[in-house]
Amino acid sequence: MKKILTAFCFTDIHNQQSMLDFPTTVRGSLIKANELAREEFGTADLAIVGGDNISDYPYWNRSCALPKKNFLDLKAKMHACIAKSVEDGKVLYVAGNNDMILGDIATEENEPYNTTDFYDLMDSAFGALPDSEKTVLVSKEKPNELYWGAFHYVVNGIDFIGINIDPNTAFNSHEGYYSDETLIWVKNKLDEIDPDGKKCVFVVGHLSAIYYFNNGNLCETMGNGDRKLFYDIFKGHQNTFYLYGHVHGEDSCYRHYSSGAVLHIDENNKPLDSNLESADSKGKQYEFSLVHMGGLRPFGAQYFEDDGIEGFGGEKESKYYPTTATPTLAQFMVFEVYSDRVVFHIRNTGTHELYNRDDKLSAYTVYLK
């Protein structure tokens, strides 16, 4: 069967602290992930950036003073890095909870601005979206800024729906969630583009729902918002995949098998089985699938190289930030779409002995129903 599409997925980059000093610095794992993806899979048809591009400055509840010029500098550098890997610069961006809490108050240098605004880059690559293909939210905190709640693109005949955190739940908090208005729009759009429930569709968001913690225990992580409405969106759409980030680091990596990143969900909104060492989805009956895109930043300082950055990072005095360095432990995902299946690959970017970039995890194949 001929391949229809190849996509590279990068999430939870967390450019943070002194990396956000001007001029900004892009995290090394993002640069390495793009190099490795191109070397193994060639140029992709699409790249997906799953949110939390920006992080604490230096603490989430004091993170509102990132100058706009810094954000624009980082945005341009990130996009230039990723766009090299993708045909025609097609990069789909969704917002993470950390992205939403920066730039929301005025500073001496600039007025409030929207740190989730990658819309111009997407308009340029995919074409401007008509009103029917996106829903727009207005923030109470910043009524002059418009936020895309959700949006719909078609790439190589494959449908992609992006879903963003509600800005009214995000500012000055560490979580945020999807608004009911946005979830209902996504549900209606899915029903519109997939009336028979058999089309291959990808819904891309930042927030996780259920995932494997430390290669074993399953954890429920969607603590905010209407969880039942979120799951109900996908019912009746068996070949729909929800791609997410949000969970990352040393307790959220996969070894040996890419299958751990894919959870098939049953009619009770529970994982069908462990799926940790599976090669494919043959014989499995499920409602839809959740897919973790990995993560490009760990937490513990021991999981970074020694190339950290010294800078101010929002503080009054310059200091050394070890976790701005290149991670030795980080993962990204590649998936390939064929007419009858989707093949998922988790890949390492670092040099950690258990998660080395030279070790290729076994692929996981989901056969379309």
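- Residues passing the ring-ring contact (aromatic ring centres under 6.0 Å, His included) test with F299 are H248, sequence neighbours excluded.
- Taking every heavy atom of both residues into account, D280 and Y367 meet most closely at CB-CE1, 3.7 Å.
- Side-chain contact between E181 and L137: present, with at least one pair of heavy atoms (C-beta onward) separated by less than 4.5 Å.
- With hydrogens and angles ignored, the 3.5 Å screen pairs a side-chain donor or acceptor of D194 with a backbone N or O of K198.
- Salt bridge status for K77 with D73: present, with a side-chain N to carboxylate O gap under 4.0 Å.
- R347 has its side chain out of reach of L36: every pair of non-hydrogen atoms, C-beta onward, lies at least 4.5 Å apart.
- For the ring-ring contact (aromatic ring centres under 6.0 Å, His included) test, residues two or more places apart in sequence or in another chain that qualify with H264 are Y286, Y364.
- A salt bridge is absent between K90 and D45; no separation between the charged side-chain nitrogens and carboxylate oxygens falls under 4.0 Å.
- Under the 4.5 Å side-chain criterion, counting only non-hydrogen atoms from C-beta, F71 is in contact with I54.
- Side-chain contact annotation: S85 with R38, donor-acceptor N/O pair under 3.5 Å present.
- Under the side-chain contact (heavy atoms from CB on, under 4.5 Å) rule, L329 has a single partner from Q302, R297, H352, which is H352.
- The line from CG of L46 to CG of D88 is 11.5 Å long, rounded to the nearest 0.5 Å.
- Under the 4.0 Å criterion applied to side-chain N and carboxylate O atoms, K235 and E267 are not assigned as salt-bridge partners.
- Checked against the 6.0 Å centroid criterion, the rings of F230 and Y177 do not qualify as a close aromatic pair.
- F288 has its ring centre no less than 6.0 Å from the ring centre of F241.
- In this structure, N15 contributes its side chain and N53 its backbone to a donor-acceptor pair below 3.5 Å.
- Judged as a salt bridge (Lys or Arg N to Asp or Glu O under 4.0 Å), the pairs with a partner in residues 13-32 (not counting sequence neighbours) are, in order, K32-E35.
- In this structure F335 satisfies the ring-ring contact (aromatic ring centres under 6.0 Å, His included) test together with F202, F344, sequence neighbours excluded.
- Considering H246, M333, Q331 in turn, M333 is the only one that fulfils the side-chain contact (heavy atoms from CB on, under 4.5 Å) rule with M293.
- Under a 3.5 Å cut-off, the side chain of D99 and the backbone N or O of D52 do form a donor-acceptor pair.
- F304 places none of its side-chain heavy atoms less than 4.5 Å from the side chain of T328.
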Might you work through the side chain to side chain donor-acceptor pair (under 3.5 Å) test for N356 and N348, ending with a clear yes or no? CA-CA 6 Å; N356 193 284; N348 298 305; over 6 Å; no

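- With respect to the salt-bridge test (charged N to carboxylate O, under 4.0 angstrom), the residues D232 and K228 qualify.
- Annotation: side chain of F151 is not in contact with side chain of E133 (no heavy-atom distance under 4.5 Å).
- Within the 4.5 Å cutoff, the side chain of M78 has heavy atoms near those of the I13 side chain.
- Under a 3.5 Å cut-off, the side chain of D359 and the backbone N or O of L354 do not form any donor-acceptor pair.
- Between K3 and E336, at least one side-chain nitrogen of the basic residue sits less than 4.0 Å from a carboxylate oxygen of the acidic one, meeting the salt-bridge criterion.
- Within the structure, ring-ring contact (aromatic ring centres under 6.0 Å, His included) contacts touching residues 119-143 (residues at least two apart or in different chains) are Y119-W148, F126-Y153.
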side-chain contact (heavy atoms from CB on, under 4.5 Å) between D266 and E287: does it pass, once the steps are laid out? CA-CA 5 Å; D266 66 18; E287 292 290 318; 5.5 Å; no

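- The ring-ring contact (aromatic ring centres under 6.0 Å, His included) search around F41 returns H345, not counting sequence neighbours.
- Using modelled atom types, one side-chain atom of S18 and one backbone atom of I309 make a donor-acceptor pair closer than 3.5 Å.
- For D191 and H237, the side-chain atoms include at least one donor-acceptor pair closer than 3.5 Å.
- Remark: the backbone N or O of L263 is not paired with any side-chain donor or acceptor of N275 at under 3.5 angstrom.
- The backbone N or O of F312 sits less than 3.5 Å from a side-chain atom of Y321, completing a donor-acceptor pair.
- Using a 4.5 Å heavy-atom cutoff, the side chains of Y93 and M122 are in contact.
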